[in-house]
Visitor: 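Take a look at this one; I'll ask things after.
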Amino acid sequence: PAVFDMLIKVYAEDGMVKEAFDAFECVLQTGFITPTIHSCNSLLNGLLKYGQLEMAWHVYEQMVEKGIKCNVFSYTMIISGFSKEGRMQEAIKLVLEMERMGCNPNVVTYNAIIDGYCRRGELEEMSNVLKMMLEKKIGPNVITFSMLIKGYCRESSLERAESVLMEMKARNLVPDCVTYGLLIDGYCKVGEIESAFRIKEDMVKGGLKMNVVICNTLINGLCKLARVEEAEQLVLDMRDWGLVPDKVSYSTILDAYCRKGDILEGFRVFDLMEQNGVKPNVVTYNSLISGFCRLEKMEEANKFLKKMAEVGMTPNEVTYSTLMDGYIKIGKTDEVLKLWNALLRDSFVPNQISYNTMINGLCKLGKMDEANEILLEMVERGSIPDSITYTTLIDGYCRIGNIEQAFKLQNEMVRKGFFPR
RNA sequence: UUGAUCACGAUACAUCAUC
């Protein structure tokens, strides 16, 4: 059993989760040893880290069947797995189940639930869970409040977000870098960079040190206001704080220059990062490619796709959508289709944005039937059409003069809970 | 006097419409 424990742990930690899973299955079949709760939890942890929720669920069922008693850790991990995918009914069901089994959910368990509602933007539910925690005398912690702040920031209610900060201080909870980081990012996203810096000052006054993420957040805030020079100065200032700019810092600046249409400056940053020993990643390349696409320089964009392959970098869904969109904008349909097929070949499943991009391409050509085919495929493969999908299709029908269909979709969109914009 | 390098939160790139 000890050996088995080790085996599972090693597999799970090295990302060989499939192997760990198989070993687990195998041991269960022979029935000679019963895995300890420790190895089960390591396995669950490994599986969930790699997004293998279904396998994790299977392990859970096996545990129940073999009478291995789950503990708080086991339940919380799986609950968190469901939450991350927005499968809240299942998450809640498991909370009830664990209570039924005499295992009490703790702060972390409830935080995992709150995290799920936060991802779905369901603020009401978030505060309901908080209320429930208070009733059950489970003290919320810094993370609980941070997630509330995140929720308010996402809907641009910065005042409410800041009042949560006050409330947590009133409860003698000490906000940490992440808490401040959320608020700083929140202010950056609404373009209130001065307030973002004000929060940063607060943080430093509170005795917390600056870190790379906070700097990057501010850099991004400046960049999105097209204040790239100040952003670049901030990268230089980082050294004085004893911080080392990373891929995110440089890529953010590079992207900002590309957005300005100044690809040369983008390349300068590209070189700068290499000089400083920071390797570009997919995002860095994607920003450059996107820059070329905006300038309709598709040959150049493609050159970088090739270059990625040369340096052994794998393009991702973003790379493909970027290029597809570039070709759509200049009306080169055949290239779009080629990329779509390459995407299907290379990648696992197109994501929501890949589908939206493709649908947009077809709509712009007035090929509404084909657009609908993709829509069907999208739903079949588990991607949920969002307000952008609908707006795209509605616009497509309007373009071909089919106002009737446009209204029909509009109604469907509202029925599904998306607000028309 | 002990309570788990197994659980929860922050930063960069792509898609629609309006202008």
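Order of the sequence lines sets the chain letters (A, B, ...), proteins ahead of strands, with each chain counted from 1.
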Visitor: Could you check how far CD1 of A:Ile114 sits from P of B:A10, rounded to whole Å?
Guide: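 Distance check: A:Ile114 CD1 to B:A10 P gives 14 Å.
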Visitor: Quick one: side chain to side chain donor-acceptor pair (under 3.5 Å) partners of A:Glu265, sequence neighbours excluded?
Guide: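 Residues passing side chain to side chain donor-acceptor pair (under 3.5 Å) with A:Glu265: A:Arg268.
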Visitor: Which value, in whole Å, describes the distance between the C1' atoms of nucleotides B:C13 and B:G9?
Guide: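 Result for the C1' pair: 23 Å, nearest Å.
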Visitor: Identify the stems formed by RNA chain B, where each pair is Watson-Crick or G-U wobble with both distances under 3.5 angstrom and a stem is at least 3 consecutive pairs.
Guide: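 The stems that RNA chain B takes part in number none, since no run reaches 3 pairs.
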Visitor: What pairs with A:Tyr60 under side chain to side chain donor-acceptor pair (under 3.5 Å), at least two apart in sequence or on another chain?
Guide: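 Partners of A:Tyr60 under the side chain to side chain donor-acceptor pair (under 3.5 Å) test: none.
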Visitor: What's the closest nucleotide to the A:Asp255 side chain, out of B:U11, B:A12, B:A7?
Guide: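 From the listed options, B:A12 comes nearest.
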Visitor: Could you list all the salt bridge (charged side-chain N to carboxylate O under 4.0 Å, His left out) pairs where at least one residue sits in residues 209-219 of chain A, not counting sequence neighbours?
Guide: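 For residues 209-219 of chain A, and leaving out neighbouring residues, there are no salt bridge (charged side-chain N to carboxylate O under 4.0 Å, His left out) pairs at all.
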Visitor: If you check the A:Asp325 side chain, which of B:U15, B:U11, B:C8 turns out closest?
Guide: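 Nearest to the side-chain atoms of A:Asp325, counting from C-beta on, is B:U15.
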Visitor: Starting the side chain at C-beta, find the nucleotide from B:C8, B:C16, B:C13 nearest to A:Asp395.
Guide: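 Output: B:C16.
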Visitor: Got a donor-acceptor pair under 3.5 Å from the side chain of A:Asn351 to the base of B:A14?
Guide: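 In this structure, the two groups form a donor-acceptor pair.
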Visitor: Is a donor-acceptor contact shorter than 3.5 angstrom present between the side chain of A:Thr391 and the base of B:A17?
Guide: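 No, the side chain and the base share no sub-3.5 Å donor-acceptor pair.
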Visitor: What I want to check is whether an N or O donor and acceptor connect the side chain of A:Asn281 with the base of B:A12 at under 3.5 Å.
Guide: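 When only heavy-atom distances are counted, A:Asn281 does reach the base of B:A12 through a donor-acceptor pair under 3.5 Å.
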Visitor: Taking the side chain of A:Val142 as its heavy atoms from C-beta onward, which of B:G9, B:A7, B:U15 lies nearest to it?
Guide: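 My answer, after comparing the listed nucleotides, is B:G9.
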Visitor: Between A:Lys49 and B:C8, is there a side-chain N or O to OP1/OP2 distance below 4.0 Å?
Guide: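 So the side chain of A:Lys49 is outside the cut-off, no N or O lying under 4.0 Å from OP1 or OP2 of B:C8.
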Visitor: Sticking with atom C1', work out how far B:G3 lies from B:A7, rounded to a whole angstrom.
Guide: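 About 16 Å, rounded to a whole number of Å.
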Visitor: Using whole Å, report how far CD1 of A:Ile78 lies from P of B:C8.
Guide: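 Spelled out: CD1 on A:Ile78 to P on B:C8 is 13 Å.
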Visitor: If you look only at pairs with a residue in residues 241-252 of chain A, which of them pass as a salt bridge (charged side-chain N to carboxylate O under 4.0 Å, His left out), with sequence neighbours excluded?
Guide: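 Those involving residues 241-252 of chain A do not exist here.
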Visitor: At 4.0 Å (heavy atoms only), tell me whether A:Ser290 reaches a base, stays on the sugar-phosphate, or touches nothing.
Guide: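 Here A:Ser290 touches the backbone only, sparing every base.
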Visitor: Return the set of residues passing side-chain contact (heavy atoms from CB on, under 4.5 Å) with A:Asp395 (not counting sequence neighbours), or none when no residue passes.
Guide: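 In terms of side-chain contact (heavy atoms from CB on, under 4.5 Å), with neighbours along the sequence ignored, A:Asp395 is linked to A:Lys364, A:Arg399.
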Visitor: Contacts to RNA chain B from residues 352-359 of chain A, heavy-atom cutoff under 4.0 Å, which residues?
Guide: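 Hits under 4.0 Å, by residue number: A:Ile353, A:Asn356, A:Thr357.
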Visitor: Remember a base hit wins even if backbone is also touched, and classify A:Thr322 as base, sugar-phosphate or nothing at under 4.0 Å, heavy atoms.
Guide: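 A:Thr322: backbone/sugar contact only, no base atoms under 4.0 Å.
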Visitor: Establish whether the base of B:A7 is bridged to the side chain of A:Asn106 by a donor-acceptor pair shorter than 3.5 Å.
Guide: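 Side chain to base: pair found, below 3.5 Å.
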Visitor: Expressed as a whole number of angstroms, how long is the span from A:Asn286:CG to B:C13:C1'?
Guide: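 It works out to 5 Å between those atoms.
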Visitor: Hey, are A:Lys205 and A:Glu201 close enough for a salt bridge, meaning a charged N less than 4.0 Å from a carboxylate O?
Guide: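 No salt bridge links A:Lys205 with A:Glu201.
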Visitor: Tell me which nucleotide among B:A12, B:A14, B:A7 gets nearest to the side chain of A:Val72.
Guide: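 My answer, after comparing the listed nucleotides, is B:A7.
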Visitor: Assess whether a salt bridge exists between A:Glu194 and A:Arg227, defined as any Lys/Arg side-chain N lying under 4.0 Å from an Asp/Glu carboxylate O.
Guide: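 Counted as a salt bridge, because a side-chain N and a carboxylate O are separated by less than 4.0 Å.
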Visitor: Report yes if a side-chain nitrogen or oxygen of A:Arg119 is closer than 4.0 Å to either non-bridging phosphate oxygen (OP1 or OP2) of B:C8; otherwise report no.
Guide: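 Checking B:C8 against A:Arg119, no side-chain N or O comes under 4.0 Å of OP1 or OP2.
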Visitor: Only counting residues at least two apart or in another chain, list the ones meeting side-chain contact (heavy atoms from CB on, under 4.5 Å) with A:Arg154.
Guide: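 For A:Arg154, no residue satisfies side-chain contact (heavy atoms from CB on, under 4.5 Å) once neighbours in sequence are set aside.
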Visitor: Is A:Asn211 side chain donor-acceptor paired with the B:A10 base, going by distance under 3.5 Å alone?
Guide: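 Flag set: donor-acceptor pair detected.
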Visitor: Output the rounded distance in Å from OH (A:Tyr250) to C1' (B:C13).
Guide: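 To the nearest whole Å, that distance equals 18 Å.
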Visitor: Can you check whether A:Lys150 has a side-chain N or O nearer than 4.0 Å to OP1 or OP2 of B:G9?
Guide: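 Looking at the OP1 and OP2 atoms of B:G9, neither is under 4.0 Å from any side-chain N or O of A:Lys150.
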Visitor: Taking the six-membered ring for Trp, are the ring centroids of A:Tyr152 and A:Phe145 within less than 6.0 Å of each other?
Guide: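 Between A:Tyr152 and A:Phe145, the centre distance exceeds or equals 6.0 Å.
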Visitor: A:Lys329 side chain: which of B:U11, B:U15, B:C8 is closest?
Guide: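 So the side chain of A:Lys329 is nearest to B:U15.
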Visitor: In whole angstrom, what separates A:Tyr60's OH from B:A7's C1'?
Guide: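 Answer to the nearest Å: 16 Å.
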Visitor: Going by side chain to side chain donor-acceptor pair (under 3.5 Å), name the pairs with one or both residues in residues 295-306 of chain A, residues two or more places apart or in two chains.
Guide: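 Only A:Asn302-A:Tyr327 qualify under side chain to side chain donor-acceptor pair (under 3.5 Å).
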Visitor: A:Ala112: which residues meet the side-chain contact (heavy atoms from CB on, under 4.5 Å) condition with it, sequence neighbours left out?
Guide: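 A:Ala112 satisfies side-chain contact (heavy atoms from CB on, under 4.5 Å) with A:Ile79, A:Ser80 only.
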Visitor: Separation of A:Leu243 atom CG from B:U11 atom P, in whole Å?
Guide: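 After rounding, the reported distance stands at 18 Å.
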Visitor: Check A:Asp202 with A:Arg198, please: is the shortest side-chain N to carboxylate O separation under 4.0 Å?
Guide: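 Judged by the 4.0 Å cut-off on N to carboxylate O distance, A:Arg198 and A:Asp202 do not form a salt bridge.
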Visitor: Determine the contact category for A:Arg154: base if any of its heavy atoms lies under 4.0 Å from a base atom, sugar-phosphate if only primed atoms, P, OP1 or OP2 are that close, otherwise nothing.
Guide: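 Counting heavy atoms under 4.0 Å across all strands, no contact is made by A:Arg154.
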Visitor: Nearest to the side chain of A:Val213, heavy atoms from C-beta on, is which of B:A10, B:U15, B:G9?
Guide: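 Given the options B:A10, B:U15, B:G9, the side chain of A:Val213 is closest to B:A10.
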Visitor: Give a yes or no on whether a salt bridge exists between A:Glu229 and A:Lys260, defined as a side-chain N under 4.0 angstrom from a carboxylate O.
Guide: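 Between A:Lys260 and A:Glu229 there is a salt bridge, with a charged N closer than 4.0 Å to a carboxylate O.
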Visitor: I need the OH-C1' distance between A:Tyr327 and B:A14, as an integer number of Å.
Guide: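 Nearest whole value for this atom pair: 15 Å.
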Visitor: Tell me the interatomic distance from A:Met203, atom CE, to B:A10, atom C1', rounded to whole angstroms.
Guide: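 Taking atom C1' of B:A10 as the reference, CE of A:Met203 is at 11 Å.
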Visitor: Would you indicate what A:Thr392 reaches in the nucleic acid, counting non-hydrogen atoms under 4.0 angstrom: base, sugar-phosphate, or nothing?
Guide: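 The answer is sugar-phosphate, as A:Thr392 gets under 4.0 Å only of primed atoms, P, OP1 or OP2.
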Visitor: Show me the pairs that pass side chain to side chain donor-acceptor pair (under 3.5 Å) and involve residues 172-190 of chain A, at least two apart or across chains.
Guide: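 Passing the test, one end in residues 172-190 of chain A: A:Ser146-A:Thr179, A:Glu162-A:Tyr187, A:Asp176-A:Thr179, A:Asp185-A:Lys189.
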Visitor: Of all the nucleotides listed (B:A10, B:A12, B:U15), which has the minimum atom distance to the side chain of A:Val248?
Guide: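 When the side chain of A:Val248 is considered, B:A12 is the closest of B:A10, B:A12, B:U15.
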Visitor: Can you pull out the residues from residues 171-194 of chain A that lie within a 4.0 Å heavy-atom distance of RNA chain B?
Guide: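 Correct list: A:Asp176, A:Cys177, A:Val178, A:Thr179, A:Gly181, A:Leu182, A:Asp185, A:Lys189.
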